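For reference, the structure discussed in these notes is given below.
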Amino acid sequence: MYVLGIETSCDETGVAIYHSSQGLINHILYSQVDMHNEYGGVVPELASRDHIRKLVPLIKQLMHESQLRSVDIGGIAYTAGPGLMGALLVGAATAKSLAWAWRIPSIAVHHMEGHLLAPMLEENPPEFPFIALLISGGHTLLVKVEAIGQYQLLGQSLDDAAGEAFDKTAKLLGLGYPGGPKLSILAEQGAPQIKFPRPMTDRPGLDFSFSGLKTFTLNTFNNSEKTTQDKANIAAAFQEAVAETLTIKCKRALQQTGLKKLVVAGGVSANKQVREFLTEMIKKEGAQIYFPRLEFCTDNGAMIAYAGSQRLAAEQHQELTIFARPRWPISELH
Ligand code: KG4
Ligand code: ZN
């Protein structure tokens, strides 16, 4: 069965078609980053308006490129949350309208479940059970995954998400939006001369906190000469602190649960140093690590089409009522 996937939770319009036996057929992504860059961050109202402009033409293009007609599509999956309400509503309303017109089932997908399952689109997908570290702009979650829909939350950020910490630090250093990728490029020109804190690693538990690290970074920056080299050194020290903190917590989660598989997904999983630190730890632990390909670390329609396809295959689907939830804990899924 061909499943159309729609992602509009934040600043990218993503559409994709996944086939239950042939795998990913096609996907297209339109990123709004250039538009939001002017404002230094995502402007929710502009994001919604742009999804309205782009979504239907993108679906048409996707169907045309895939040489599929509406009668070929067997189900529609869309991101129903968490995310920006206006942006989510564009995807939800479009998905429900198409489902009604085409007389096919639709399924609401949790955005973080989409990220969590993104490595399933790769050649050697992980088998359940595993630990998932989900590091995006809005969330930092450590989850024990028994099966699709069986998610036990082991830890989460008590304040800023990892991606948010990258974005705020990048802003402080005068880099544009989104800051994560830009900060990591600058970090390559620097060296971590000052050791930044590894928050909440010296006490038990699997929760995260990045706001203290943000303040430490701000103070270090204010006490520096603010030269290009100072900024690069701060970027390097900050990135190393985040990478090591995430690694310590993942190691702890594996040891506590006795599991030997780690899935890492969400925008920050595209970060080279984060990938390197985690991979090195996994080797020492004699475990295995799974990442999505780089383009599927950040938001995309393919992960939503995949997650929806799995849920539709399990005979799950919803009524035509438009459903969107800006806040939606992953542990509520089943
Ligand atoms: O998963 P995602 O595309 O959207 C959300 O669901 O939030 O994640 C976006 C976040 C942003 O905070 C962005 O700065 C960060 O992921 N990010 C990175 C990198 N690429 C994206 N952070 C660090 N290094 C990167 N290479
Ligand atoms: Zn995301």
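Note that the structure is a prediction, hence the values are computed from the model and not measured. The figures that follow rest on heavy atoms only: side chains count, while hydrogens, waters and symmetry mates do not. Order of appearance sets the numbers: ligands from 1, and atoms from 1 within every ligand.
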Looking at G266, G137, G83, the heavy atom closest to atom 9 (C) of ligand 1 belongs to G137

Atoms of ligand 1 less than 4.0 Å from [X] heavy atoms?
| X | answer |
| --- | --- |
| G138 | 7 (O) |
| D167 | 11 (C), 12 (O), 13 (C), 14 (O) |
| G163 | 12 (O) |

Please state which protein non-hydrogen atom is closest to [atom] and give its distance, to 0.1 Å?
| atom | answer |
| --- | --- |
| atom 24 (N) of ligand 1 | N271 ND2, 3.0 Å |
| atom 22 (N) of ligand 1 | G180 CA, 3.4 Å |
| atom 3 (O) of ligand 1 | D299 N, 3.0 Å |

Side chain, backbone, both or neither: which part of T298 comes within less than 4.0 Å of ligand 1 when only heavy atoms are counted? both

Determine, using heavy atoms of [X] and all atoms of ligand 1, whether some pair is separated by less than 4.0 Å.
| X | result |
| --- | --- |
| H111 | yes |
| H115 | yes |
| P181 | yes |

Taking the Zn ion (ligand 2) as the vertex, measure the angle between atom NE2 in H115 and atom NE2 in H111; round to 10°. 100°

[X], [atom1]: over 12 other non-hydrogen atoms inside 6.0 angstrom:
| X | atom1 | value |
| --- | --- | --- |
| K54 | NZ | yes |
| K171 | NZ | no |
| E280 | CD | no |
| E315 | CD | no |
| K226 | NZ | yes |
| Q67 | CD | no |

When you compare ligand 1 with [X], is there at least one nitrogen or oxygen pair between them that comes in under 3.5 angstrom?
| X | result |
| --- | --- |
| P178 | no |
| E12 | no |
| G267 | yes |

Please report the closest heavy-atom contact between I330 and L134, naming both atoms and the distance.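 So the minimum-distance heavy-atom pair works out to CD1-CD1, 4.3 Å.
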
Taking all non-hydrogen atoms of both residues into account, name the closest pair between A16 and H27 and its distance.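 Nearest heavy atoms, A16 then H27: CB-CB, 3.6 Å.
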
Restricting to N, O or S atoms, which atom of D299 is closest to the Zn ion (ligand 2)?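 Sorting the N, O and S atoms of D299 by distance to the Zn ion (ligand 2) puts OD1 first.
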
Report yes if the distance between the aromatic ring centroids of F238 and F216 is under 6.0 Å, otherwise no. no

State whether C10 contributes an N/O/S atom found under 2.8 Å from the Zn ion (ligand 2).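 Given the 2.8 Å cut-off, C10 does not count as a ligand of the Zn ion (ligand 2).
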
Give a yes or no on whether a salt bridge exists between K260 and E285, defined as a side-chain N under 4.0 angstrom from a carboxylate O. no

With a 4.0 Å cut-off, would you call R198 and E240 a salt bridge?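 Looking at R198 and E240, the cut-off is met.
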
